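In this text the structure is predicted, and so the values were computed from the model without any measurement.
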Amino acid sequence: MTKLIYASIILEFVKNANSTIAIGKQKYMKSKMPFYGIPNPIVKKLTNNQLKKFPINNNDEYKSLIKYIFHNAIHREEWYCGLHIAMKYKKYILEENLPLYLEIIKITQWWDIVDAVASNLVGPSIINSSQFRRYNNSWIINENMWIRRTAILSQLKYKSNTDEKLLYELILKCAHEKEFFIRKAIGWILREYSKTNPNSVMIFIDKNRNYLSNLSVREGTKKLVDFT
């Protein structure tokens, strides 16, 4: 069934391909993988149409299809399709599927997939886990930069459920890095959390200004209108 669903989706993508758009998208994303040239809303629509014909009925089918797509994709929209499926079936966004989500990150290793996986799949799947701190503390020292970025961004949508102490610990563990995507992630998570607890973020940035990059500070203070 997995191969049949995949084949049916690919057939629709081929029918809707646009080579002109594809070239521009590939250049913009700095992607070695080619594009079909299909806008993301259409990717979702075409995927949903096939899922109506071939519904996913359990977690095993969910995992099997997503894993197959990410391992066999030859155009980037196929990855977007797999990501859409992973996020669409919210009842299957479970801690037991965490290895699959981390596998996706290691396969794709670029912000367009990684950021969505970190905040919409990894984060929700572990929010109530007793291993939450252990997971993040292990990821932040992982040799793979995208896994470290995931540790920073896993709480992106937690708002008042944010483990503030852990968040600040994770940031300081990698604040020394010169990697753009780490510095940007620090700024992004601080900016998002500042919408929930602006005073805390302001104090943290002020206290650690000598450790944080200018990029992280600039991004992190965008919502702090009164920050001085």
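- Closest approach of S125 to L98, counting heavy atoms only: OG-CD1, 4.0 Å.
- By the 6.0 Å contact criterion, NZ on K45 is open, its count of non-hydrogen atoms from other residues, nucleotides or ligands being 12 or less.
- Environment of CG in N58: crowded, with over 12 heavy atoms of neighbouring residues, nucleotides or ligands closer than 6.0 Å.
- By the 30° and 60° cut-offs, the orientation of the rings of Y62 relative to Y92 is tilted.
- Defined by atom type and a distance below 3.5 Å, a donor-acceptor pair is missing between the side-chain atoms of S200 and Y193.
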Quiz item: Can you list the steps and then say if N48 with L51 is a side chain to side chain contact (heavy atoms under 4.5 Å, CB included)?
Solution: CA-CA 5 Å; N48 287 339; L51 290 174; 4.2 Å; yes
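- Residue L4 is grouped with residue I69 when hydrophobic side chains (ILVMFWY) are merged at heavy-atom distances under 4.5 angstrom, including chains of intermediate members.
- A 4.5 Å side-chain heavy-atom check between I66 and N97 finds every atom pair outside the cut-off.
- The side chain to side chain contact (heavy atoms under 4.5 Å, CB included) test with K67 singles out one residue from N72, L100, T2, and that residue is L100.
- Looking at heavy atoms from C-beta onward, V114 lies out of side-chain contact with L153 at the 4.5 angstrom threshold.
- Salt bridge absent: E103 and K106 never bring a charged side-chain N and a carboxylate O closer than 4.0 Å.
- Judged by distance alone, with hydrogens and angles left aside, the side-chain atoms of S213 form a donor-acceptor pair with the main-chain N or O of S216 at under 3.5 Å.
- In terms of modelled atom types and a separation under 3.5 Å, the side chain of E77 and the main chain of Y36 share a donor-acceptor contact.
- The closest donor-acceptor contact from the side chain of S194 to the backbone of R191 lies under 3.5 Å.
- By the 4.5 Å heavy-atom criterion applied to side chains, M33 and W79 are counted as neighbours.
- N144 and Q109 share a side-chain donor-acceptor pair at under 3.5 Å.
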Self-check item: Verdict with reasoning, I113 to I104, per side chain to side chain contact (heavy atoms under 4.5 Å, CB included)
Solution: CA-CA 8 Å; I113 302 292; I104 292 172; 3.8 Å; yes
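- Annotation: the span from I85 atom CD1 to F70 atom CZ amounts to 9.0 Å, rounded to 0.5 Å.
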Exercise. I would like to know whether T196 and T162 meet side chain to side chain contact (heavy atoms under 4.5 Å, CB included); could you show each step before the answer?
Key: CA-CA 9 Å; T196 298; T162 298; over 6 Å; no
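- Checked by atom type and distance alone, the side chain of W146 never pairs as donor or acceptor with a backbone atom of I105 at under 3.5 Å.
- With a 4.5 Å cut-off on side-chain heavy atoms, N40 and K44 count as touching.
- In this structure, L121 CG and I93 CD1 are separated by 5.0 Å, a value rounded to the nearest 0.5 Å.
- Under the 4.5 Å side-chain criterion, counting only non-hydrogen atoms from C-beta, L46 is not in contact with I9.
- No donor-acceptor distance shorter than 3.5 angstrom exists from the side chain of S64 to the backbone of D60, with no hydrogens or angles considered.
- Of all the heavy atoms in I186 and C174, the pair that sits closest is CD1-SG, 4.1 Å.
- Between the SG atom in C81 and the CD atom in Q50 there is a gap of 9.5 Å [rounded to 0.5 Å].
- Applying the 6.0 Å contact sphere to CE of M1 captures no more than 12 heavy atoms from other residues, nucleotides or ligands.
- Hydrophobic cluster membership differs between L94 and Y89, with clusters built from Ile, Leu, Val, Met, Phe, Trp and Tyr side chains linked at under 4.5 angstrom.
- The hydrophobic cluster containing L215 also contains V217, counting ILVMFWY residues as joined when their side-chain heavy atoms lie under 4.5 angstrom apart, directly or transitively.
- Here the shortest heavy-atom pairing between D115 and W188 reads OD2-CZ3, 3.4 Å.
- Distance check: L212 CG to L190 CG gives 7.0 Å after rounding to the nearest 0.5 Å.
- K165 and E169 are joined by a salt bridge, as a carboxylate oxygen and a charged side-chain nitrogen come within less than 4.0 angstrom of each other.
- Ring orientation note: the planes of W110 and F181 are nearly perpendicular, at an angle over 60° on the 30°/60° scale.
- When all heavy atoms of L156 and I189 are compared, the pair lying nearest together is CA-CD1, 3.4 Å.
- No single ILVMFWY cluster, assembled from side-chain heavy atoms under 4.5 Å apart, contains both M29 and I21.
- The closest donor-acceptor contact from the side chain of K25 to the backbone of I38 lies under 3.5 Å.
- If you take NZ on K222 and CG on L224, they are separated by 12.5 Å, rounding to the nearest 0.5 Å.
- Side-chain contact between K157 and N120: present, with at least one pair of heavy atoms (C-beta onward) separated by less than 4.5 Å.
- We find the CG-CD distance between N49 and E12 to be 7.5 Å, quoted to the nearest 0.5 Å.
- A pairwise comparison of heavy atoms in E61 and P55 identifies OE1-O, 3.8 Å as the closest pair.
- In this structure, W139 and L102 have side chains that are in contact, with non-hydrogen atoms separated by less than 4.5 Å.
- Between the side chains of N137 and K173, a donor-acceptor pair is found at a separation under 3.5 Å.
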Exercise. Report the C-alpha distance between Q26 and F35 in whole Å, list the side-chain angles of each, state the deciding distance to 0.1 Å, and finish with yes or no for side chain to side chain contact (heavy atoms under 4.5 Å, CB included).
Key: CA-CA 6 Å; Q26 185 174 1; F35 280 77; 3.8 Å; yes
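- A donor-acceptor pair shorter than 3.5 Å cannot be found between the side chains of E192 and Y158.
- A salt bridge links E177 with R148: the distance from a Lys NZ or Arg NE/NH1/NH2 to an Asp or Glu carboxylate oxygen falls below 4.0 Å.
- Counted within 6.0 Å of CZ on F180, heavy atoms from surrounding residues, nucleotides or ligands total more than 12; the atom is thus considered enclosed.
- The aromatic rings of Y68 and Y6 sit perpendicular to each other, their planes meeting at more than 60°, with 30° as the lower class boundary.
- Taking the side chain as every heavy atom from C-beta outward, E78 and I10 approach each other to under 4.5 Å.
- In the model, N136 has no side-chain atom that pairs as donor or acceptor with a side-chain atom of Q155 under 3.5 Å.
- Both V43 and I107 are part of a single hydrophobic cluster, where members link through side-chain heavy atoms under 4.5 Å apart.
- Side-chain atoms of D112 and Y80 include a donor-acceptor pair closer than 3.5 Å.
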